[in-house]
Amino acid sequence: MEQLSAKYNPTEVEDKWYAWWLDHKFFHSEPSDKEPYTIVIPPPNVTGILHMGHVLNNTLNDVLIRKARMDGKNACWVPGTDHASIATESKVVAKLKEAGISKESLTREEFLKYAWEWKEEHGGIILKQLRKLGASCDWDRTKFTMDPDLSEAVINTFVYFYKKGLIYKGVRMVNWDPEGLTAVSDEEVVHKDTKSHFYHLKYYISDGNGNPTDKFLVIATTRPETIMADAAICVNPADERHHWLRGKKVLIPLINREIPVIEDDYVEMDFGTGCLKVTPAHDVHDYEIGLRHNLPVLEIIDDHGKLNEKAQILVGEDRFVARKKIVKMLEGAGNLVKVEEYTSPVGYSERTNAVIEPRLSAQWFLKMDALAEKALETVESGKTRLIPDKYRNTYRHWMENVRDWCISRQLWWGQRIPAWYLPDGKIVVEPNAEEALKAARKINPSLKAEDLRQDEDVLDTWFSSWLWPISVFDPERPGHPEHAPNADLSYYYPTNDLVTGPDILFFWVARMIMAGNEFMEKEPFHNVYLTGIVRDKIGRKMSKTLGNSPDPLDLIAKYGADAVRIGMLLCSSAGNDIFYDESQVEQGRNFCNKIWNSYRLIKSFEVDEDAPHKEAAAVAVKWFDARLSQVIETVEDHYSKFRISDALMAIYKLFWDDFCSWYLEAIKPGFVNGVAEKIDRKTYDATLRFFDSLLRMIHPVMPFISEELWQNMEERAEGETIMYAPTPKAGKYDPAFIENFEIAEETINGIRGLRNSKNLPPKEFLTVRFKGDFPEEMIPVVAKLSNASLEKAEDFKDEAGAGFMVRTIEFFVPLKGLVNVEEEIAKIEKDLEYQHRFLDSVRKKLANEQFTAHAPAAVVENERKKEADSLSKIESLSAQLNALKNNK
RNA sequence: GGGCGCAUAGCUCAGUCGGUUCAGAGCACCUGCCUUACAAGCAGGGGGUCGACAGUUCGAAUCUGCCUGCGCCCACCA
C-alpha cells in the first residue's frame, strides 16, 4: 500500500489477514510450559446461523482470548457445535416433509442417515461465519457434541450415574410437546399469560343408578375438553357449603359416567366455585390428588394432542378444536352455566411453541439434590464467579429448588439411551449392546442378543453439553473419574472464563459445574461473564420472526468486522441488555477511519536527521509517554474487573483525544511557504513507538486494522504478527506532569474559545499574558496549538482586552478596539456574582462547627483552599473590572 | 403469588470509601468551518430537582424506610 486511500477499506484487509493467520496456525495451541488461558465456546446449534447475540458473545470471547495471548499466556479457544436434538430433528422432519417423506414412514436408521447427511451439508455454517468476525478459535480442535468420542462420553456418563443410583426410570407427569412429540424438561417450558375462558359447568348428582337427579354442583374449568377423563370431583373438607355432597356421586356431562365426590385440602375454597374436577391423566396436581385417593387414571389425549377413543366423544379431534366443540355441546345439553374471561399462565414448549400437555409417561430422571448442593457451594465459595454478581441470588434460588432432571427425549437425533430391556421387563444399563448382553446373561444365561431391546429414547442435548469443558479435551474422562486425565485435560482444565447469556445459566452453566465437580472434582471455569440480550432500538428482543435483526454478515460487509466488533462492545456492560442501533457500528467504522488517517499522517512525515528536537514536541512526547502509562493502568484495571466496555472506551479516548487531537497536533510539522517541514528523528521515533503501543492496545477488539497497520509500519520478519506482540506495559510516570499538560489543554481551549467569541481567525497571531502559577514548561505547547505567545505579566489592569481563567491562573489578551467593553464588563460581573455565591457557601460550611469538628481534616483543608482560591479569583476579577471601567 | 434487580442528559451508561467546582462519558443535538491526515472530520456550545416522599448525617446521586414505574427469575389456584 504505497498510496493510502483517505478512507479505510476493510473488506480485502480482513480476508487477507484471516487467511494469513490461519496459514501460520497462529490460533492453534498445544500444551506447553507457559501458563494456559482457556475458553470453550458456548457451542451454537449446528444448524444455526450467526445472529447478533452470537456476535456479541463471540466478540467478547475473542477479545479475552486475544488479550490473553498478548499477555503471554498460551491461549486456547475451543470451537464447536451442539447437535440441538429437538431443533435439528424438527428441521430435518420439516425438510423431509417438503420432499414428501414423513418421519413415520422411515426407520430410525433411515431417518438418522438423512439427518447426518443434512448436518454434513448445512451444519457448521455458523463456524464459517465466525471467521468473518475474526474469531481466533483453534479450529484444529473443532468439536461436535455428537462426534463419536463425545457421544461415547455421554453414554459412559449415563452408565456411571445409573450405577451410582442417581439415574432412575419413573412414570411421571412430564411436559409433553405434542408438536415435537417428546417430553421436555421443566426448564424448556416457558409460561406465558394466556387469555382463555373459565367455563362453569353443572355436574348433576347421580341417584346411585347412573341417573341424574335435579340437584347439581358447579365446577369451573379452563379445559372442558378433558371432562371425559375426570376421575372425581374434589372439595375442601373444611368447606361447609359442600358438606351435603359427602358420599355422593356425580355424573360427567355428555357421557354420564359416574364419579365420586372426594375431599382434599388442596382445593382452595375461595377460588372458582370451590369444586375442582380431578383429571389425573392431564394435570400435575390432579395426578397427585389421584395418587392420594387411589383414583383411576384415564388418558384421553394422545401424543399429537388429539382426543382418543377413550374420550367416547369428539374422538380424533385436536384438543383445541374439541374445546370449542364441547362448549357448544355442553351449552346444548344445559350444562354450561356461564363463561368468564380468564387469563392464566400456560406452558409453551420453548422449541416448538406448542402448548405443553401435562402427560403421564415413563421417563428417565437424574437425581439433582446432591449435585445441586455441590454446584451451589462452587459459586457461593467463589471458586466460580458470576459476573455481574447479581446472578448469584438467582443461581442460589434455582439450586435450592431444583427438581430431578428429565433427561429422556422421544427423538432419534441424539445419543440413544444405553438401557436394554430383557423379555421379563428387567433393565440392564451398559455402554453398548455386547456389554448389555453380558450383563443380561448374568441374570438369565439363556438370553441371546435379539432378546434384548434397547430403549427408544435419546438423551437431552444438555446431557451432552454439560460435559463440554471436559469432553472437548478428554472424551475418555466423563463417566470414568478414575481415569487419569490426558495431557490436554490436565493442562487446559479448568478453563478460565466462560462468556454466555443468562438465559442458559441453569440449562448449561450450572450443569457444567455439576459435571465438573463430579468428574474433575474441580469447577470447569473461574469466571462466568453473563452478557445481556441484544435488543433492537425500541427494546424488542431480536428475533427471526420479528425480522428486526440485521444479518451480521451484511454489517461486516458494509462496515468491516472491526467496526461491528467495537460498535457492539462499546455499549455493552455486563449483564445489561444491549439496545442495538446501527449508529453504534457507524461509530466503530468512524473510529477505524480515524486510526487509518492518523497513520496516513504519520507516514507522510519526512525525517530530517539534523532537525532539532523542538520544545513543543519534546513536551508532547514526554506527556504522551506518561499518559500512555496512565491509561494502560486504567485499562488493565477495567479488564481485571470484566468492565470491557469501559476498557475499550478508555482506549478509544486515548487514541482519539489524547493521541490524535493533542499529541499529533502538537508534534505535527508546519508548513513554510507551502512546503511541509520535516520532523526530527527523536520525535518521529517516539511517535512510531506510541503508535505501535496503541495498535497493540486496540488489537484484541480490532484485530484486522491493527494487524494491517502494524505490518505496514515497518518490515516485519516472516511470521511476525501483532497477535503475539506483548500488551504494552505501564511504566513509571509523573502524574504532576500530566496535570500540567491538562492545564495547558484548558488554556488552549480558553484561547480558542476567546477566538471563537471574538471572531478572531485562527491564523491571527495573539499575545496572551498570564498571571499566576502557569506551568511554564507548557508554554511551547500552548503556543503551537493556539497560535499565540504566552507572556508572564505582573499586572494588566490598564489595558483593554478580554480575559479568561484556568483554575486560579488569569489570562488576558490585549485587544484594543476589538472588544466590546460593555460585554466584557457584563461577563466579569456575572463571574463575580457566581464567585461570591460560591464563597458564601464555602464560608457557611466552614462556619459550621459541626462540620469542622466531624469532617476529616483533609476535607476541611480542602474547603479552606476553596475559600482562598475563590478570594483570589474575586480579587483579580474585581481588578479587571475596575480596569475596564477606568478605560472606558 | 414469591424472590432478585434497576430508575442519573434526548439515547446507552459510568459515578469504587457518603466529602475536590460532583452532577460525568460516549452517541445524538445546535453553531461555525470543505484549515495540506481524516466532513466517516475539526473547533465551539446547549442540555439533568440524580423516579417521588420521608429519614439518618456537619454533609446524600451514594446509607435507611416507604411509594411509583420498569425488567428478570421462580411458581401450572383449576
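When reading the values below, keep in mind they use all heavy atoms of this one structure, side chains included, and skip hydrogens, waters and symmetry mates. In what follows, chains carry the letters A, B, and so on, assigned in the order in which the sequence lines appear, proteins first and then strands, with residues in each chain numbered from 1.
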Asks: Whole angstroms only, please: what is the NE2-P distance between A:His191 and B:C76?
Replies: 6 Å
Asks: Would you kindly give the CZ-to-C1' distance between A:Phe506 and B:C72, to the nearest whole Å?
Replies: 10 Å
Asks: Counting only heavy atoms and a strict 4.0 angstrom limit, can you tell me which residues of residues 659-670 of chain A come near RNA chain B?
Replies: A:Cys660, A:Glu665, A:Lys668
Asks: Under a 3.5 Å cut-off for both contacts, is B:G41 paired Watson-Crick or G-U wobble with anything, and if yes, with which nucleotide?
Replies: B:C33
Asks: Salt bridge or not between A:Asp869 and A:Lys873? Use side-chain N to carboxylate O under 4.0 Å.
Replies: no
Asks: Under a 3.5 Å limit for both distances, which nucleotide forms a Watson-Crick or G-U wobble pair with B:G71, could you say?
Replies: B:C4
Asks: What interatomic distance, in whole Å, is found between C1' of B:C53 and the corresponding atom of B:G41?
Replies: 49 Å
Asks: Once you round it to whole Å, what is the distance between P of B:C74 and CD of A:Glu188?
Replies: 13 Å
Asks: Hydrogens and angles aside, do A:Asp230 and A:Tyr203 bring a side-chain donor and acceptor to less than 3.5 Å of each other?
Replies: yes
Asks: Would you say A:Arg752 reaches B:C33's phosphate, i.e. side-chain N/O to OP1/OP2 under 4.0 Å?
Replies: no
Asks: Whole angstrom is fine here: how far is it from CG in A:Leu505 over to C1' in B:G5?
Replies: 15 Å
Asks: Counting only heavy atoms not in A:Lys844 (residues, nucleotides, ligands), do more than 12 fall under 6.0 Å from its NZ?
Replies: no
Asks: Measure from CG on A:Asp637 to P on B:A14 and round the result to the nearest Å.
Replies: 16 Å
Asks: Would you say A:Tyr395 reaches B:C4's phosphate, i.e. side-chain N/O to OP1/OP2 under 4.0 Å?
Replies: no
Asks: Polar-atom pairs under 3.5 Å, protein N or O versus N or O of nucleotides 25-32 of chain B: list them with distances, or write none.
Replies:
residue	atom	partner	partner atom	Å
B:A25	O2'	A:Lys653	NZ	3.0
B:G26	O2'	A:Gln587	NE2	2.9

Asks: Just to confirm, is there a sub-4.0 Å distance from OP1 or OP2 of B:C73 to any side-chain nitrogen or oxygen of A:Lys390?
Replies: no
Asks: So, A:His200 versus A:Phe198, ring centres under 6.0 angstrom or not?
Replies: yes
Asks: Under 4.0 Å between a side-chain nitrogen and a carboxylate oxygen: does that hold for A:Lys653 and A:Asp658?
Replies: no
Asks: Over how many whole Å does the gap from A:Leu754 atom CG to B:A43 atom P extend?
Replies: 17 Å
Asks: Looking at A:Glu867 and A:Arg864, is there a salt bridge between them, counting it only when a charged N and a carboxylate O are closer than 4.0 Å?
Replies: no
Asks: Of A:His285 and A:Ala6, whose closest RNA chain B nucleotide lies nearer the 5' terminus?
Replies: A:Ala6
Asks: Considering only atom P, compute the distance from B:U12 to B:C70 and round it to an integer number of Å.
Replies: 16 Å
Asks: To the nearest 0.5 Å, how far apart are NZ in A:Lys195 and CD in A:Glu341?
Replies: 6.5 Å
Asks: For the C1' atoms, the ones on B:C22 and on B:A61, what distance do you get once it is rounded to whole angstrom?
Replies: 9 Å
Asks: Using whole Å, what does the distance between atom C1' of nucleotide B:U36 and atom NZ of A:Lys763 come to?
Replies: 10 Å
Asks: Kindly confirm whether the side-chain ring of A:Phe851 is stacked on the base of B:C58, judged by centres under 5.5 Å and planes under 30°.
Replies: no
Asks: Polar-atom pairs under 3.5 Å, protein N or O versus N or O of nucleotides 69-71 of chain B: list them with distances, or write none.
Replies:
none

Asks: Atom CZ of A:Phe507 and atom C1' of B:C73: how far apart are they, to the nearest Å?
Replies: 13 Å
Asks: Paired with B:G24 by Watson-Crick or G-U wobble geometry, both distances under 3.5 Å: which nucleotide is it?
Replies: B:C13
Asks: Just name whichever nucleotide pairs with B:A54, Watson-Crick or G-U, keeping both distances under 3.5 Å, else none.
Replies: B:U64
Asks: Under 4.0 Å: is that the gap between some side-chain N or O of A:Asn749 and OP1 or OP2 of B:G44?
Replies: yes
